[in-house]
Each structure stands twice: as C-alpha cells, then as structure tokens.
Amino acid sequence: MKVQKLLTTASVGALMMGLSTASFADNWRYAHEEYEGDVQDVFAVAFKEHVEANSDHSVQIYRFGELGESDDIMEQTQNGILQFVNQSPGFTGSLIPEAQIFFIPYLMPTEMEEVLEFFDESKAINEMFPKLYAEQGLELLQMYPEGEMVVTADEPIRTPEGFDNKKIRVMTNPLLAETYNAFGATPTPLPWGEVYGALQTGQIDGQENPIFWIESGGLYEVSPNLIFTRHGWFTTAMMANQDFYEGLSEEDQTLVQNATDAAYETTIEHIKGLADESLAKIQEASDDVTVTRLTEEEIAAFKERAPQVEEAFVEMTGESGKELLEQFQADLEAVTEE
Ligand code: 6CS
C-alpha cells in the first residue's frame, strides 16, 4: 500500500507562506484525491501540461494526503487557498446534496460507451450541475467517470441476504449509506485514509470502488473477494474557486477551458481498458483474489431495492433534486434508446 501522508501543521504552514509570496495568477494550486498515475492524477497532469505549454503560468499539483483528506482540499478551495480541486460526489454530498444522485443504484448504464456519451450530452451534467456548484462558490469545469463500481468483501456475496451483518465502508454521503442499507448491509462511512486499516483490522467487512483503485490502493490485499454488481460508476468533478475563475482575464479563462477539454480527452482515453488491465494486475499479484460476476437474475434482486434509494434522494434534496433526477433520467433515456 502506498504511504498516506496526512496533513501536517508544517504542510499548511508552507502553503500559507507560499500564499504570501507567490502570485495566484502565476502559480495555480490544484489538489485531487488520488495517487500519482491514478485517474484524477492523469487529468491533473494533462491540465498542467496544457496550461504550462500555452502560457507563462505554472500549476502545482497536490495528491492525496499532501494537504489532508478530500473534505480538507474542498475547504481550502472554497477559502481560495487552492485554485483548483478535484472532488468526487462521494464526498460532495454534504455540500451539494444533489451530487449524491450518482449513488442511486442502477441508474447509470453499464456500458462505457453509453456512460461517456451521457457525460458529453447530458443537460443535467452540463447545465444543471454547474449552477448547483456555483451556489457554493465553485466553478464546475468537468464531471467525468473514473470506472465501474465493484464491491470487495471478506467473502463472495451474490444476494442481498449475503450482505446481512456485513459492515461495508461507504464514502461520507448519506445517500450511499441508504444504498447499502437497501442492499441489506450495514453501511459504515469513512474517509479514504482510514479504509485500508479498517479492512485490515476487521473494523469493516468490505467497501466499493473502481478496479483501478482497488489495485492502486492495494485493497485486494485486505479485501480479496471482488463482486461485480453493476450498480453504478465512480464519478468525479474538477472545479475552480469561482472568485478566482471570474477574476481571470478572458484569455486565461479560455486557457483553463481548453486545458480542461484536453485533460478530459486524455483521461477518457486513459480509462478505456483500464479496469481489465487493473484486474489482470490484481490477479497476477494475488492468488487469494476471487471474482464474482452477478447473473442478470442475481442483479434483479438488488435492482428491485433501488426505488427506495431514489425516494430517499428526493426526500433529501426536495424540488431541486427532483428536477435534476427527471432531467438526468431523460438524458439517460436519450443515450440508451439510440
Ligand atoms: O474511495 C475513496 O474514498 C476514493 N476512491 C477513489 C476512486 N478516488 C478517490 C476517493 O477518495
């Protein structure tokens, strides 16, 4: 497992000192939630390369743990200490409850081509979400999928009954907890930095994440039974502090938009085939790993529990969430019916 360097007083101090001496416009700070070479890092590096190749600005990337947990880097972005942040809706739920829509199970298609088309075409993604992020002082630049969610557990599970008494770690948003309640498990919200240790010590019995992350974070070492439930995709969002963004010249705003487009394209190419490659690496590294792919009939038993999560989403988000869900569903229909 990679070393997880947590926030230290020293690192915050260094950051604040940097603030007083460096100009924001010249050296932009960009934090994300993952490790070197992971999907969010591929995005960040491509963004940095575009900015630096096309302007005099530089971009300093901070990876997981360098400035704290996911909630810390969001706070630092809202406060203007960071200019850019990548935070997944798994952690944005308390700030923007509507972002939890990605955790309604079996809402998203399972085929990557359809998922990608949805992100490109969706009015909910490209028009409605930017307004919700703007209410929190954030300029949403890009939402993108990282990979299909896969459950890992201490034993292969094929039914909701199999989840009985299983403590499954969820990212810290209430709707994801609802999903695992509906699946029959006991959801346990934890920040990322605590997941490996909690699996190792038996504090939790499982978790969910895309395969690349199960490989990269070494989760298969302590949670070796992989279960393909096909219930959703890990989605993430890259954004800027809105005051910072609005204060940029038109030329720099165009630079940021172009860098975002370039980073998105690079990242989408990167995730194609990534799950298969990561699974092969996991199987190469460990003989203990099992792979369970649920049949359509087994999936149906989980799917029939999805409506209660959808209801919980509408209860949590009110009229705004209801409108978003309706648009989201219409956008999905447009993609899957073609
Ligand atoms: O499970 C998590 O908390 C983490 N999963 C991924 C794929 N990225 C970052 C996030 O913190």
Side-chain angles (χ1 to χ4, degrees), residues 4-9 11-36 38-48 50-52 57-100 102 125 129-144 146 171-173 191-193 234-248 252-253 255-257 259-260 263-264 267:
Q4 296 173 358
K5 197 173 80 177
L6 288 175
L7 182 68
T8 62
T9 315
S11 61
V12 173
L15 195 65
M16 297 307 288
M17 270 168 64
L19 256 183
S20 58
T21 53
S23 137
F24 273 176
D26 288 333
N27 182 25
W28 295 338
R29 298 182 178 83
Y30 178 142
H32 66 72
E33 304 169 312
E34 297 182 352
Y35 303 109
E36 190 172 358
D38 286 331
V39 177
Q40 290 183 20
D41 196 52
V42 167
F43 194 106
V45 169
F47 179 87
K48 172 184 166 74
H50 185 97
V51 167
E52 294 181 357
H57 302 309
S58 59
V59 178
Q60 170 75 44
I61 297 173
Y62 296 93
R63 302 188 168 99
F64 176 79
E66 290 178 28
L67 298 175
E69 281 281 0
S70 188
D71 286 349
D72 300 313
I73 56 176
M74 175 55 90
E75 201 180 309
Q76 290 156 22
T77 307
Q78 285 187 296
N79 290 341
I81 294 172
L82 296 170
Q83 285 71 53
F84 298 96
V85 72
N86 197 138
Q87 189 189 54
S88 56
F91 295 105
T92 316
S94 54
L95 196 65
I96 305 170
E98 292 88 342
Q100 298 179 105
F102 296 100
I125 297 280
F129 266 120
K131 291 185 190 134
L132 294 167
Y133 277 72
E135 285 168 17
Q136 301 301 327
L138 298 161
E139 180 75 27
L140 179 62
L141 292 167
Q142 188 70 55
M143 278 187 155
Y144 61 98
E146 294 195 36
M171 289 178 282
T172 53
N173 82 74
W192 166 248
F234 187 100
T235 293
T236 198
M238 185 273 199
M239 66 210 89
N241 172 294
Q242 203 174 32
D243 288 342
F244 155 77
Y245 181 81
E246 285 176 353
L248 291 175
D252 278 347
Q253 284 188 357
L255 173 75
V256 166
Q257 293 293 343
T260 302
Y264 181 61
T267 306

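Treat the numbers as computed from the prediction; the structure is a model and nothing was measured.
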Closest non-hydrogen atom pair, [X] against [Y]:
X      : Y      : answer
Ala99  : Thr92  : CB-CB, 4.3 Å
Arg63  : Val45  : NH2-CG2, 4.1 Å
Thr172 : Pro191 : CG2-N, 4.1 Å
Phe91  : Trp192 : CZ-N, 4.2 Å
Ala263 : Ala46  : CA-CB, 3.7 Å
Ala259 : Val51  : CB-CG2, 3.7 Å

Hey, does [Y] have a side-chain heavy atom less than 4.5 Å from the side chain of [X]?
X      : Y      : value
Thr267 : Gln142 : no
Glu34  : Asp41  : no
Gln60  : Gln83  : no
Tyr62  : Leu82  : yes
Val39  : Val42  : no
Leu67  : Arg29  : no
Leu248 : Trp28  : yes
Phe234 : Met171 : yes

Please answer whether the main-chain N or O of [Y] pairs with a side-chain N or O of [X] as donor and acceptor at a distance below 3.5 Å.
X      : Y      : result
Gln136 : Ile96  : no
Gln87  : Glu33  : no
Ser58  : Asp26  : yes
Glu69  : Gly193 : yes
Asn241 : Thr77  : yes

Given His32 and Asp38, is the side-chain hydrogen bond (donor to acceptor under 3.5 Å, both in side chains) satisfied, shown in steps? CA-CA 10 Å; His32 66 72; Asp38 286 331; over 6 Å; no

If you round to the nearest 0.5 Å, how far is [atom2] of [Y] from [atom1] of [X]?
X      : Y      : atom1 : atom2 : result
Asp72  : Glu66  : CG    : CD    : 13.5 Å
Asp71  : Gln76  : CG    : CD    : 11.0 Å
Met239 : Leu141 : CE    : CG    : 8.5 Å

Please confirm whether the ring centroid of Tyr133 lies under 6.0 Å from the ring centroid of Tyr245.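 Not close enough - the centres of the two rings lie 6.0 Å or further apart.
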
Taking it one step at a time, do Met143 and Phe129 satisfy side chain to side chain contact (heavy atoms under 4.5 Å, CB included)? CA-CA 9 Å; Met143 278 187 155; Phe129 266 120; 3.7 Å; yes

Under the ring-ring contact (aromatic ring centres under 6.0 Å, His included) rule, collect the residues that match up with Tyr144, sequence neighbours excluded.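 By the ring-ring contact (aromatic ring centres under 6.0 Å, His included) rule, Tyr144 matches Phe43.
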
Please report the C-alpha distance between Glu139 and Val256 in whole Å, then the side-chain angles of each, then the deciding distance to 0.1 Å, and finally whether the side chain to side chain contact (heavy atoms under 4.5 Å, CB included) criterion is met. CA-CA 11 Å; Glu139 180 75 27; Val256 166; over 6 Å; no

Residue list, side chain to side chain donor-acceptor pair (under 3.5 Å) with Thr236, at least two apart or on another chain: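 Checked Thr236 against side chain to side chain donor-acceptor pair (under 3.5 Å); matches are Gln40, Asn86.
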
Counterpart residues, salt bridge (Lys or Arg N to Asp or Glu O under 4.0 Å), relative to Glu52 (two or more places apart):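 Partners of Glu52 by the salt bridge (Lys or Arg N to Asp or Glu O under 4.0 Å) criterion, ordered by chain and then number, come out as Lys48.
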
